[in-house]
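Remarks on the structure that follows.
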Amino acid sequence: MIVARFHHNLTLFSSPPPPSIKSKRLRPPVVSSMSSSPPRPFLEFPYLSASHRNLMFSLFSSIETRLAPDLLPSSLPPDVQYFESATGSSKGTLDILEGKEGSKVDFILGSWIHCDLPTGSSLDITTLFAFLSTATDAPHLLLEFIQSSPTSLILIIDLLPRKDLVLHPEYLQTFYESTQLEKQRQSLSKLSEVKPFLSSSLYIRSVLSPTALSISINCGSEEGARRLEELVEGHLNGVAKQIVQIWLDGCACGEEREVGEDERRVLIKRDNLVKRKAVEIDLAANLPRLFGEEIAGRVVAAIQKVFGV
């Protein structure tokens with residue numbers, strides 16, 4: 001699903017399956033929790049390959065573990081944590097951990113969505129979105145994998161800027177130049193299977209940073225699925241973990257940054273616009289087509305409540 005999913009319209013891949021398509025209904029997946037808390041369907045990633053699933057679990061776990069002192073337990077109802085369409089052809093999960101009052105963390109959102117396509121293939125989207133509060137002006141974290149075939153993948157990882165980088169060169173230096181994020185992007189761009197991916201939305205492209213890793217990977221050969229696994233395990237794994245570590249060390253857990261009252265008002269306005277656009281462009285437009293109005297409305301309402309929009 002989800003927040004980062006506003007970067008792409010589902011029609012880039014295929015129309016959602018019509019109501020006549022039937023598939024086996026799945027019960028919510030049961031997973032072992034990292035603690036004594038109740039099972040969380042999001043951590044299962046049941047439709048991904050082993051390397052992809054292990055990477056997503058590792059990334060979310062590293063964020064949650066590092067930020068645990070600042071996070072509240074999830075309070076989402078079970079029918080929002082896991083949901084599926086009436087036909088069972090679309091399934092999704094949502095996990096949101098809100099930050100404690102006064103912390104740098106606003107919320108950590110994770111989700112996956114699986115949709116059977118009329119072509120016989122499927123669309124799988126996994127998303128991590130870590131949103132910081134106005135206690136800091138440091139960038140947010142966005143990570144999203146979109147896969148519509150066993151041999152291809154779209155990946156977006158970015159530290160979303162919260163200031164104009166032209167007006168604030170110190171911000172550009174601190175979070176994008178000194179951290180050498182460009183090296184991470186370039187390391188993947190050298191692979192023959194990798195090409196740049198540009199969203200069709202100019203608004204979305206304006207939200208991303210200059211160092212955003214936004215790529216498509218196509219391994220369309222007989223051994224394509226195996227090659228994609230090799231790329232995820234041997235290349236994407238290290239780059240994704242490195243970028244998340246950069247965000248944790250320099251943004252979520254970095255040095256305190258003074259935010260004045262005037263600046264805080266600007267941050268609130270900017271952050272709320274990003275949240276509102278996420279709901280309008282992505283969720284409100286696409287979820288009803290996949291899950292129906294009732295289920296989509298329930299999920300969107302839960303997200304809007306956390307977003308405060």
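Just the heavy atoms: all of them, side chains too, but no hydrogens, waters or symmetry mates, feed the values below. Computed from a prediction, not measured in an experiment: that's the story for all the values here.
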Distance under 6.0 Å and angle within 45° of ring axis: K91 vs F83: no
Decide whether L191 and L153 are clustered together by the hydrophobic rule: side chain heavy atoms of Ile, Leu, Val, Met, Phe, Trp, Tyr closer than 4.5 Å, transitively. yes
For E64 and R40: C-alpha separation, side-chain torsions, deciding distance, then whether salt bridge (Lys or Arg N to Asp or Glu O under 4.0 Å) applies. CA-CA 13 Å; E64 183 178 16; R40 294 158 64 188; 2.7 Å; yes
Here the pair of heavy atoms bringing S214 nearest to I156 is OG-CG1, 3.8 Å
Distance in Å, L55 CG paired with L48 CG, rounded so as to fall on 0.5 Å steps: 10.0 Å
Roughly how far, to the nearest 0.5 Å, is CD of E229 from OG1 of T151? 12.0 Å
Would you name the heavy atoms of A138 and Y171 that are closest together and state the gap between them? C-OH, 3.5 Å
Among L141, T65, I243, L67, which residue meets the side-chain contact (heavy atoms from CB on, under 4.5 Å) test with L248? L67
Is the backbone of L267 close enough, under 3.5 Å, to the side chain of R162 for a donor and an acceptor to pair up by distance? no
Indicate the ring-plane relationship of Y47 and H114, choosing parallel, tilted or perpendicular according to the 30° and 60° boundaries. parallel
Passing candidate, side chain to side chain donor-acceptor pair (under 3.5 Å) with E182, options R185, Q180, Q184: R185
Atom of F60, atom of D95 and distance for their closest heavy-atom approach: CZ-OD2, 3.8 Å
Whether S206 side chain and Y203 backbone form a donor-acceptor pair below 3.5 Å: yes
Heavy-atom closest pair, residues S216 and F197: N-CB, 3.9 Å
Is any side-chain heavy atom of L287 less than 4.5 Å from a side-chain heavy atom of V299? yes
Rounded distance [0.5 Å steps], NZ in K277 versus CD1 in I204: 8.5 Å
With a 6.0 Å cut-off (strictly less than), is the heavy-atom count around NZ of K195, excluding the residue itself, greater than 12? no
Applying side chain to side chain contact (heavy atoms under 4.5 Å, CB included), run through V80 and R298 and close with a yes or a no. CA-CA 7 Å; V80 171; R298 182 167 66 236; 3.8 Å; yes
Could you please spell out the steps behind the salt bridge (Lys or Arg N to Asp or Glu O under 4.0 Å) verdict for K275 and D106? CA-CA 12 Å; K275 295 174 186 177; D106 189 356; 3.0 Å; yes
Given side chain to side chain contact (heavy atoms under 4.5 Å, CB included), test S133 with V105 step by step and report yes or no. CA-CA 5 Å; S133 72; V105 181; over 6 Å; no
Answer yes or no: is there a donor N or O on one side and an acceptor on the other, between the side chain of T136 and the main chain of R257, under 3.5 Å? no
Atom pair CD1/OG of I108 and S74 - distance to nearest 0.5 Å: 12.5 Å
Test log, rule side-chain hydrogen bond (donor to acceptor under 3.5 Å, both in side chains), inputs S209 and D158: CA-CA 7 Å; S209 80; D158 193 25; 2.5 Å; yes
Give a yes or no answer on whether the side chain of S178 reaches the backbone of Q173 with a donor-acceptor pair at less than 3.5 Å. yes
Are side-chain N/O atoms of S121 and T119 paired as donor and acceptor at under 3.5 Å? no
Aromatic ring proximity, centroids under 6.0 angstrom, F307 and F107: yes
Quick one: sort the H140 and F131 rings into parallel, tilted or perpendicular, breaks at 30° and 60°. parallel
Between S103 and G99, is there a donor-acceptor pair closer than 3.5 Å when you use the side chain of the first and the backbone of the second? no
Side chains of T87 and S89: is there a donor and an acceptor less than 3.5 Å apart? yes
Spatial distance of atom CD1 (I217) from atom CG (L188) [nearest 0.5 Å]: 6.5 Å
Test item: K104 side-chain N/O and G254 main-chain N/O as donor-acceptor pair under 3.5 Å: yes
Could you go through L97 and L72, starting from their C-alpha distance and side-chain angles, then the distance that decides it, and tell me whether this counts as side chain to side chain contact (heavy atoms under 4.5 Å, CB included)? CA-CA 6 Å; L97 303 175; L72 298 169; over 6 Å; no
Distance only, no hydrogens: is a donor on one side chain within 3.5 Å (strictly under) of an acceptor on the other, for D116 and S122? no
Between Q81 (side chain) and L76 (backbone), is there a donor-acceptor pair under 3.5 Å? yes
Same cluster (ILVMFWY, side-chain, under 4.5 Å), L142 and L198: no
Any donor-acceptor pair under 3.5 Å from Q147 side chain to S149 backbone: yes
Any donor-acceptor pair under 3.5 Å linking the side chain of R264 with the backbone of V259? yes
Spell out, as yes or no, whether a donor-acceptor pair under 3.5 Å connects the side chain of R53 to the backbone of L43. no
Does D249 form a salt bridge (Lys or Arg N to Asp or Glu O under 4.0 Å) with R66? I'd like the steps, not just the answer. CA-CA 10 Å; D249 292 342; R66 182 77 175 271; 2.9 Å; yes
Heavy atoms only: give me the nearest V244-S62 pair and the separation to one decimal. CG1-OG, 4.1 Å
Mind checking the CZ-CG spacing from R276 to D271? Nearest 0.5 Å is all I need. 11.5 Å
List the steps and the verdict of side chain to side chain contact (heavy atoms under 4.5 Å, CB included) for I125 and E144. CA-CA 7 Å; I125 305 167; E144 186 165 68; 3.5 Å; yes
Aromatic contact between F45 and H52, with the criterion being ring centroids under 6.0 Å apart: yes or no? no
